[in-house]
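Here's the structure, in structure tokens; my notes come after.
Each chain gets a letter, A, B and so on, in the order its sequence line appears, and its residues count up from 1. In this text, all values refer to a predicted model and were calculated from it rather than measured experimentally.
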Amino acid sequence: MLRVAALACLAWTLWRALQPAGRGGAAAVDQSDLPAALAYWSMASAPSAVHARLEGVPSALERDWLAGLRRAGTAVTWEHSGTAPLVAHAIAVEPALDPKGGARVIVAAPPGARVVLRDALGPLDSTASSHGGAVFLSPASARAFGASVGTTVARAPIPDSLIVRHALVLGGAGWEAKYIVRSLEEEGWTVDVHYAVAPTHDVLGGPPATIDTAHYAIVIAVDSVAARSAAAINTFVRAGGGLILDGAAARSFPALAAGGAGTRIAGPAELHIVPDSAPRSVLGLVPVTQVASDGIVLERRGDDVAIAARRVGNGRVLQVGYDDTWRWRMMGGDSGIVVHRAWWARLVGAVAYAPAVAHAVSDRADPAPLVATYERLGPPTVSADIGGRLNAGPLLPAWAFALIVLALLAEWASRRLRGTR
Amino acid sequence: MTPFVFATARYQSGDWDSAPLVPANLIDSIARYTSIDVLPSGVIVPLDSVTLFEYPLMYLTGHLPVRFTNAERANVQKFLDRGGMLFVDDHNHDTAGVFHRTATEEITKTAGKLVDLPNTHELYSTFFKFPDGPPTTSHELNGWGDNLVHKNLQAVMRGNRIEVLYSSKDYSSEWGYHPDTKRFQAIDNTKFGVNIIVYALTR
């Protein structure tokens with residue numbers, strides 16, 4: 001009898017599981033109950049309408065699951081029930097153009113929001129959002145990054161990697177070319193160099209190679225010596241190569257330069273120290289004049305344009321008015337050498353040619369969680385009129401489980417105790 | 001772009017100004033053989049001065065003991081750390097003289113250990129070719145002094161670059177004449193000086 005009861009309970013449970021999911025009534029669910037409810041609705045009957053009360057932005061899994069319910073015919077609405085306002089933020093990750101690797105992580109967030117950069121192992125950096133976001137340069141070789149604002153984490157993997165070719169420096173033998181080369185080498189770049197030492201004698205560093213994008217990422221013209229290769233550099237830039245015109249070198253490349261090269265303004269005559277606070281304020285300057293209509297001014301010193309950029313064909317050209325920047329390295333303050341080479345590395349990274357190689361991305365991306373929630377579930381419904389409560393429960397109710405166990409135990413006991421009487 | 005300026009180091013001990021004609025002679029050679037923009041006159045730079053950093057190649061010579069002050073030593077260390085190069089020439093041409101002993105000790109203390117520079121180093125081919133290494137000087141060949149031909153120069157290396165170049169060959173005597181005198185010479189003996197300057201400007 002007891003065995004029959006247990007078997008009947010199991011048969012009822014099986015019958016219940018095999019019943020087609022019918023449409024129940026409306027259900028409202030809090031965010032804490034959402035995972036269990038979603039699992040239940042996927043296995044049993046889903047309600048005709050679901051209203052989610054979310055204290056924060058749902059995870060990508062919950063959001064996609066709710067969207068799946070909606071596509072399966074359930075009306076899904078949501079509202080924000082938390083005290084802290086929902087904050088929209090987004091993350092974009094791109095590989096840094098740096099021979100040492102790393103990534104540039106751009107986060108869009110409301111001004112003043114605390115943005116925490118993290119990878120799979122934990123937080124890496126944090127800052128307050130300003131001007132609509134924050135930018136992190138991460139040397140870490142993580143496959144994916146997350147940026148959290150409050151409790152919401154936006155995630156994005158590095159979509160591809162860059163092929164970083166050599167840099168080529170062309171100039172007369174002098175301190176400027178020498179210390180540009182040394183700074184870039186210290187930053188990890190492989191630098192080939194052609195120094196003109198005499199009319200018939202060049203000093204070469206690195207194997208002679210054709211100036212094209214197959215060999216070089218960037219050409220740095222330190223002075224008019226580079227004009228000897230003007231035709232090749234012109235073709236190189238139009239094919240996508242980067243070009244930096246340092247100081248008066250712009251005069252030799254009028255078709256590529258972002259503007260003209262004005263009369264040199266010497267630094268202070270009695271200068272012996274380049275201050276850390278404003279190092280470029282005391283360098284010699286060949287101002288960029290008559291910036292091309294498609295040129296962009298990137299830096300000014302007083303009324304003079306110090307740095308301007310321009311696109312030419314597929315390539316980018318940076319005209320840097322500062323000359324004798326080696327003084328910054330030699331005569332700068334305690335951080336002079338580090339800041340000088342980092343500055344040069346940034347200039348080079350801004351315009352160098354670096355073909356990208358896409359690689360398979362296995363990490364789950366969720367670059368803009370709140371935006372995706374709006375996109376998948378629509379805007380929140382204010383004071384939703386949902387009558388029912390969540391009717392979610394386990395597939396096997398507790399009372400049925402207890403009944404089965406008790407019946408089986410009693411049946412077993414009756415067999416064991418049958419001979420003791 | 002500022003021109004190259006030949007700089008002679010002034011230090012508080014010893015006779016730093018023992019070779020006053022060398023700068024003019026080397027400047028003449030740079031102007032004569034290369035297209036390097038060079039200032040026609042050199043400068044004298046105190047080793048403990050902030051002006052040291054304006055001249056990334058520094059020439060130092062003398063006969064007498066060399067003892068850097070703490071300020072000079074600290075300044076030279078910073079100068080080398082930032083990428084400066086120091087060329088030290090023993091004006092005595094010997095191996096056990098007071099300049100040699102004290103200067104090498106001071107270099108070791110300030111920059112690191114001196115090692116023999118291979119005679120195949122690019123310093124010997126960067127402009128003029130010296131297949132046998134550093135050119136000998138007349139003082140080495142005429143029996144004056146210790147009658148010793150030094151086979152190598154020495155250097156303190158940083159990576160693959162020369163940070164301090166040390167010579168016992170007495171180029172300060174060899175190059176210590178008025179540039180106009182060159183017209184009486186069959187071979188200009190300052191050509192190796194050109195190599196040192198070109199190396200400093202390009203490596």
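- A donor-acceptor pair under 3.5 Å is formed between the side chain of A:R329 and the backbone N or O of B:R82.
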Practice item. Show your working on side-chain contact (heavy atoms from CB on, under 4.5 Å) between A:E176 and B:T2 and close with a plain yes or no. Key: CA-CA 9 Å; A:E176 181 70 352; B:T2 51; over 6 Å; no
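- Chosen from A:D324, A:I337, A:V203, A:V286, the residue pairing most often with chain B at heavy-atom distances under 4.5 Å is A:D324.
- Atom NZ of B:K113 has 12 or fewer neighbouring heavy atoms from other residues, nucleotides or ligands inside a 6.0 Å radius.
- Remark: the backbone N or O of B:F128 is not paired with any side-chain donor or acceptor of A:H201 at under 3.5 angstrom.
- The most heavy-atom pairs under 4.5 Å with chain A, out of B:I197, B:D37, B:T202, B:T34, come from B:T202.
- Other residues, nucleotides and ligands contribute over 12 non-hydrogen atoms within 6.0 Å of the CD atom of B:Q77.
- Looking at every heavy atom in both residues, B:L201 comes nearest to A:K178 through O-CB, 3.4 Å.
- In this structure, the portion of B:D81 lying under 4.5 Å from any heavy atom of chain A is its backbone and not its side chain.
- At a 4.5 Å heavy-atom cutoff, the contact between B:Y33 and chain A is made by backbone atoms alone.
- Other residues, nucleotides and ligands place no more than 12 heavy atoms under 6.0 Å from the CG atom of A:D334.
- Here A:G174 is the residue among A:G336, A:G174, A:G171 with the most heavy-atom pairs under 4.5 Å with chain B.
- Formation of a donor-acceptor pair under 3.5 Å by the A:Y179 side chain with backbone atoms of B:G83 is found in this model.
- The two atoms that bring A:W326 and B:F53 nearest to each other are CZ3-O, 3.9 Å, heavy atoms only.
- Minimum interatomic distance between A:A196 and B:S35 (heavy atoms only, all atoms of both residues): O-OG, 4.2 Å.
- Looking at every heavy atom in both residues, B:R161 comes nearest to A:E185 through NH2-OE1, 2.6 Å.
- Both the backbone and the side chain of A:A173 come within contact range of chain B, each with at least one heavy atom under 4.5 Å from a heavy atom of that chain.
- Residue contact with chain A, scored on non-hydrogen atoms closer than 4.5 Å, involves the backbone and the side chain of B:V50 alike.
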Practice item. Would you sort out whether A:M330 and B:E54 count as a side-chain contact (heavy atoms from CB on, under 4.5 Å), showing the intermediate values? Key: CA-CA 7 Å; A:M330 289 299 289; B:E54 295 180 46; over 6 Å; no
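- Within 6.0 Å of NZ in A:K100 there are more than 12 heavy atoms belonging to other residues, nucleotides or ligands.
- Looking at A:V197, both its backbone and its side chain come within 4.5 Å of chain B, counting heavy atoms on both sides.
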Review point. Can B:I36 and A:Y195 be said to form a side-chain contact (heavy atoms from CB on, under 4.5 Å), step by step?
Key: CA-CA 10 Å; B:I36 295 169; A:Y195 295 105; over 6 Å; no
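- Summarising the local packing, CD1 of A:I163 is surrounded by more than 12 heavy atoms from other residues, nucleotides or ligands at distances under 6.0 Å.
- Note on A:G332, A:A248, A:G172: by heavy-atom pairs under 4.5 Å with chain B, the leading option is A:G332.
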